[in-house]
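In the text below, chain A, chain B and the rest are named by the order of the sequence lines, each starting its count at 1.
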There are 2 protein chains.
Amino acid sequence: MTVPFETTLHVRHHCLCLAAQRTARALARRFDEALRPLGLTSGQFSLLMSLNRPSPPTISSVAGLLAMDRTTLTANLKPLERRGLVDAAVDPSDRRSRRLSLTPAGQALLQSAVPIWTREHAAVDALLPHDELESLRAGLRALS
Amino acid sequence: MTVPFETTLHVRHHCLCLAAQRTARALARRFDEALRPLGLTSGQFSLLMSLNRPSPPTISSVAGLLAMDRTTLTANLKPLERRGLVDAAVDPSDRRSRRLSLTPAGQALLQSAVPIWTREHAAVDALLPHDELESLRAGLRALS
DNA sequence: GCCTTATAAGTTGATATCAACTCAAATAGC
DNA sequence: GCTATTTGAGTTGATATCAACTTATAAGGC
């Protein structure tokens with residue numbers, strides 16, 4: 001081996017990029033399964049939730065909130081628009097922008113998803129002591 | 001709003017699934033950029049590194065290590081096989097399995113990627129105090 | 001007003017992600 | 001030895017992810 005196996009073990013134990021990917025995938029699968037009865041993925045739930053606000057946001061601002069590429073968000077919106085859960089209307093005061101909002105159907109679906117999120121997240125929270133949860137949140141926030 | 005805005009804020013501040021996705025995306029973009037001169041993504045680097053071991057692993061075992069769906073790994077291997085970086089040979093002792101190994105070209109590319117990883121990861125490590133880094137790693141591990 | 005620059009978003013192409021299904025080989029029960 | 005079950009992996013279809021490029025609108029300099 002050109003690269004020593006010890007180097008591989010070092011990377012495996014220390015790489016936060018890998019650790020974040022692993023955990024993100026594992027948690028996504030977990031919430032995907034919990035939300036499956038509603039036909040929502042974890043990402044779609046997060047997106048719908050981020051649109052539940054008093055004033056309709058633009059695509060770019062939501063992409064920033066989710067730390068996601070703007071074009072990824074455009075793609076993610078398509079299935080939700082098709083299902084009539086999200087409305088994207090051109091902003092009359094700046095015709096370059098589209099303002100994203102939940103339709104009544106989207107609001108209703110989000111409402112039915114909240115108890116599922118609450119239940120599933122309680123199960124995740126139970127995996128770690130409270131103070132370790134808080135430092136995990138702080139660490140994730142610091143790197144994103 | 002059917003769902004109170006306070007609920008949205010609560011989810012935004014507490015959801016570890018969302019936080020993990022955000023951080024995973026941010027770190028992936030960071031390492032993607034650092035590794036771009038080699039034509040590797042962060043995920044491809046992690047995959048190549050996971051194949052650098054004395055005995056060639058099977059697809060399922062690597063998928064487990066990366067907390068990734070088996071079929072996702074099959075898809076991820078394709079571009080690496082096309083580029084001649086990875087070899088997937090049928091295991092003679094169990095013809096259902098394929099054993100994954102780095103080619104000499106794969107080993108050489110991985111070797112040239114290690115210093116990039118080291119430099120970039122030092123920059124990430126510098127964002128947090130050592131003890132917070134350790135609790136972050138422990139928390140991520142506990143949830144994946 | 002006109003031209004340049006900046007900004008918001010869409011499109012394209014490549015890859016990533018996973019569920020559901022299928023295929024093939026190995027193993028267990030008989 | 002033969003059938004049923006289990007296990008490893010591939011395929012398909014839908015969605016996710018991002019870079020590079022393009023289009024449309026707005027804002028600023030003149």
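The minimum heavy-atom distance between B:His121 and A:Cys15, with the atom names listed, is NE2-CA, 3.4 Å. Scanning all heavy atoms of the two residues, the minimum distance from B:Leu143 to A:Ala26 falls at O-CB, 3.9 Å. In terms of heavy atoms, B:Asp91 sits closest to B:Arg99 at OD2-NE, 2.9 Å. Here the shortest heavy-atom pairing between A:Leu127 and B:Ala142 reads CD1-O, 4.5 Å. Taking each heavy atom of A:Arg70 and A:Ser60 in turn, the nearest pair found is CD-OG, 3.6 Å. Residues A:Glu132 and A:Ser135 approach most closely at O-OG, 3.1 Å, considering heavy atoms.
Residues from residues 15-22 of chain B placing a heavy atom under 4.0 Å of any atom in DNA chain C do not occur. Interface residues of residues 26-54 of chain A facing DNA chain C, ordered by number: A:Arg29, A:Arg36; criterion, heavy-atom separation under 4.0 Å. If you check residues 68-94 of chain A against DNA chain C, the residues with a heavy atom closer than 4.0 Å are A:Arg70, A:Thr71, A:Thr74, A:Lys78, listed by number.
In terms of modelled atom types and a separation under 3.5 Å, the side chain of B:Arg119 and the main chain of B:Ala34 share no donor-acceptor contact. Here the side chain of B:Thr103 pairs a donor or acceptor atom with the backbone of B:Leu85 at under 3.5 angstrom. B:Asp32 places a side-chain N or O within 3.5 Å of a backbone atom of B:Ser42 that can act as its donor or acceptor partner. In this structure, A:Gln111 contributes its side chain and B:Val3 its backbone to no donor-acceptor pair below 3.5 Å.
If you walk DNA chain C from 5' to 3' and mark each nucleotide with an atom closer than 4.0 Å to a heavy atom of chain B, the marks span C:dT15 to C:dA26.
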Worked verdict on A:Phe45 versus A:Leu48 for side-chain contact (heavy atoms from CB on, under 4.5 Å) | CA-CA 5 Å; A:Phe45 171 76; A:Leu48 290 181; 5.9 Å; no
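Heavy-atom nearest nucleotides on DNA chain C were determined for A:Arg25 and for A:Ser61, and the one closer to the 5' end corresponds to A:Ser61. Nearer the 5' end of DNA chain C, as judged by each residue's closest nucleotide, is the contact made by A:Ser60, out of A:Ser60 and B:Arg95.
Between B:Arg137 and B:Glu134 there is a salt bridge, with a side-chain nitrogen of the basic residue lying less than 4.0 Å from a carboxylate oxygen of the acidic one.
The terminal axes of the helix from C:dG1-D:dC30 to C:dC30-D:dG1, fitted over 5 pairs per end, subtend an angle of 20° to the nearest 10°.
In this structure A:His10 satisfies the side-chain contact (heavy atoms from CB on, under 4.5 Å) test together with A:His14, B:Trp117, sequence neighbours excluded.
Looking at B:Pro56, B:Pro57, B:Ser46 one by one, the single match for side-chain contact (heavy atoms from CB on, under 4.5 Å) with B:Leu51 turns out to be B:Pro57.
A:Leu133 is connected to B:Leu128 through a chain of hydrophobic side-chain contacts under 4.5 Å among Ile, Leu, Val, Met, Phe, Trp and Tyr, so both are in one cluster.
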